[in-house]
2 protein chains.
Amino acid sequence: MAGQAEEGRRVRLNRERVLAAAVALADEAGIDSLSMRRLAQELGVVPMALYKHVANKEELLDAMVDVLVAEIDPPAGGAGWKSAIRQRVLSARRVLLRHPWARQVLESRTRQTPAVLGYTDSFIGMFLAGGFSVDLTHHVMHALGSRMWGFTQELFDAPAGPKADAPAVPPEALAAMFRQMAERYPNVARVAMAAAHEEGSVVGHGCDDQFEFEFALDLLLDGFERLHQQGWTSRQAKPARMPPASTGT
Amino acid sequence: MAGQAEEGRRVRLNRERVLAAAVALADEAGIDSLSMRRLAQELGVVPMALYKHVANKEELLDAMVDVLVAEIDPPAGGAGWKSAIRQRVLSARRVLLRHPWARQVLESRTRQTPAVLGYTDSFIGMFLAGGFSVDLTHHVMHALGSRMWGFTQELFDAPAGPKADAPAVPPEALAAMFRQMAERYPNVARVAMAAAHEEGSVVGHGCDDQFEFEFALDLLLDGFERLHQQGWTSRQAKPARMPPASTGT
DNA sequence: ACCTGAACACCGTTCAAGT
DNA sequence: ACCTGAACACCGTTCAAGT
């Protein structure tokens, strides 16, 4: 990251270099560090120089999403819709995990770039090719939501990760915290302890995100399959607004 | 919103007033307008006055989430886990829809406040009370994800809503745009047109968010029920990493 | 105990000027 | 055609001072 400034000063700036630098900066320093000023500095250029290659910060973020989309594998053919969708989602997930900023940026996007539309279009095409009705495909795409991009928002999921600068908490204080926690939130404690045990990991290590992601993805795909086989349509479902595959209770 | 400043100057500031003003400001002007400086102005006070009642902006946002959580109905008893969960999620959703900023703020939270832990704890308790194993409950909570708060991220879902200030696009230009769109993204076009038809609404009006939310929620709840009845455990599922309720393809 | 004022180190972006 | 410099209207927050 040093020396880049001098080197950059002689090479002409262009859109590609701006985007590559933006992605690299977000990858390495985090999305909060990606400011127009910081990015310009990284490129050895005055902030305003960027605006010749990118309309504004919003458009820069849109373009970064396009870079992302280009990294997702094209649809795999031949193995049926379910496996094709599954593989593609997991490919998107691998891309997302390479770029920690992607989740937050995708969530904040409101413009559909051509690349995003293209991805969505080919994704929809996979259901249609599998024999899904346009109607079912529509609702199924909504149900998938952000899972189509390989992520779900795991709310509050960086639970008290010990800060690097924070002083180590003495073990007896930690034990007291756990006891108090278990008393006030017994159900959370039971689930957390079971999960920690299951992983064979240290308490608080967290969950196997990949397993949880695939668990929910497969649950949904199985549900989609069932509805498809039953010839589900929103007509039946809508007037009474009944659950799709059961009669409640 | 006028006159509030003079009135505010005589009444003593306190945490409650700060929070109420923050929620009101975010409700009315949007979360992007909620800055410490603007909030102070709204309260007729200098920015730094707020820091006596709130540690910093992060803590203010955490406290706003607590206000939200308090508005969610307590669990309904007596009708079985499925109906109880469903009702609670839909109650959370009603709260979320009253506070447009909530989604974004919840997504950005990383600290678990006592109120959030309390909600999570009672939520987990509903599955356990329904006879779910701790193991299944754990995975099921992950699968629910943000749906537990009554929302899912509908990515890119404000599609080209005609800006208030933008000049009206002439109809023939609009038609040309649609034609071009349908040519490049035929699958998106098919689904969009079917959805528009189904609603009996104007093209581009969008989808019935509430229907989509309940569709996916019920799909998940039905899946949970099935796994519960089958006595699913993560032991079976983990080693081979198979889909939970089918053998693939 | 609570509020204020001035200041610091940041933002994104416009506009007029340079080469 | 591309880059620069100065400026504008914002941020969150610290610190020392007022009442």
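Proteins get letters first, then strands, A, B, ... in listed order; numbering begins at 1 in each.
- A gap of 22 Å separates the P atoms of dA9(D) and dA9(C), to the nearest Å.
- The side-chain tip of Arg93(A) does not point at the ring of Phe151(A) from less than 6.0 angstrom away and within 45° of straight on.
- Phe123(B) does not carry Arg88(B) over the face of its six-membered ring by the limits of under 6.0 Å from the centre and within 45° of the normal.
- Taking atom CG on Leu13(B) and atom P on dT19(D), their separation rounds to 20 Å, with Å as the unit.
- For the pair Arg37(B) CZ and dA9(C) P, the computed distance is 15 Å after rounding to whole Å.
- A salt bridge is defined here as a Lys NZ or Arg NE, NH1 or NH2 lying under 4.0 Å from an Asp or Glu carboxylate O, and Arg111(A) with Glu59(A) fails to meet this definition.
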Query raised in the report: Given the rule that a pair is Watson-Crick or G-U wobble with both distances under 3.5 Å, how would you write DNA chain D in dot-bracket, using | for pairs to a different strand?
Result: ||.|||||...|||||.||
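- The interatomic distance linking Arg38(A) (CZ) with dA9(C) (C1') rounds to 14 Å, in whole Å.
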Report task. Check step by step if side chain to side chain contact (heavy atoms under 4.5 Å, CB included) holds for Thr120(B) and Tyr185(A). Result -> CA-CA 9 Å; Thr120(B) 305; Tyr185(A) 313 107; over 6 Å; no
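- When the P atom of dC11(D) is taken as reference, atom CG of Leu25(B) falls 11 Å away, rounded to whole Å.
- Ranking dA7(D), dT13(D), dC11(D) by closeness to the Ser35(B) side chain, first place goes to dC11(D).
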Requested in this report: I would like to know whether Asn56(A) and Leu60(A) meet side chain to side chain contact (heavy atoms under 4.5 Å, CB included); could you show each step before the answer?
Outcome: CA-CA 6 Å; Asn56(A) 50 37; Leu60(A) 172 67; over 6 Å; no
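- Only Met48(B), Tyr51(B), Asn56(B), Lys57(B), listed by number, bring a heavy atom of residues 48-57 of chain B to less than 4.0 angstrom from any atom of DNA chain D.
- For the pair Asp32(A) CG and dC11(D) P, the computed distance is 18 Å after rounding to whole Å.
- Ionic pairing of Asp121(B) and Arg184(A) is not present here: no N-O contact between side-chain nitrogen and carboxylate oxygen is shorter than 4.0 angstrom.
- When the side chain to side chain contact (heavy atoms under 4.5 Å, CB included) test is applied to Met48(B), the partners found at least two apart in sequence or on another chain are Val46(B), Tyr51(B).
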Requested in this report: Could you go through the side chain to side chain contact (heavy atoms under 4.5 Å, CB included) check for Leu68(B) and Leu106(B) one step at a time?
Outcome: CA-CA 10 Å; Leu68(B) 219 76; Leu106(B) 276 168; 4.2 Å; yes
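- One can place CZ of Arg17(A) at 14 Å from P of dC2(D), the figure rounded to the nearest angstrom.
- Rounded to an integer number of Å, the gap from Leu60(B) CG to dC11(D) P is 14 Å.
- Between Phe213(B) and His142(A), a ring centre-to-centre spacing not shorter than 6.0 Å is recorded.
- Straight-line distance from the CE atom of Met36(A) to the P atom of dC3(D): 13 Å, rounded to whole Å.
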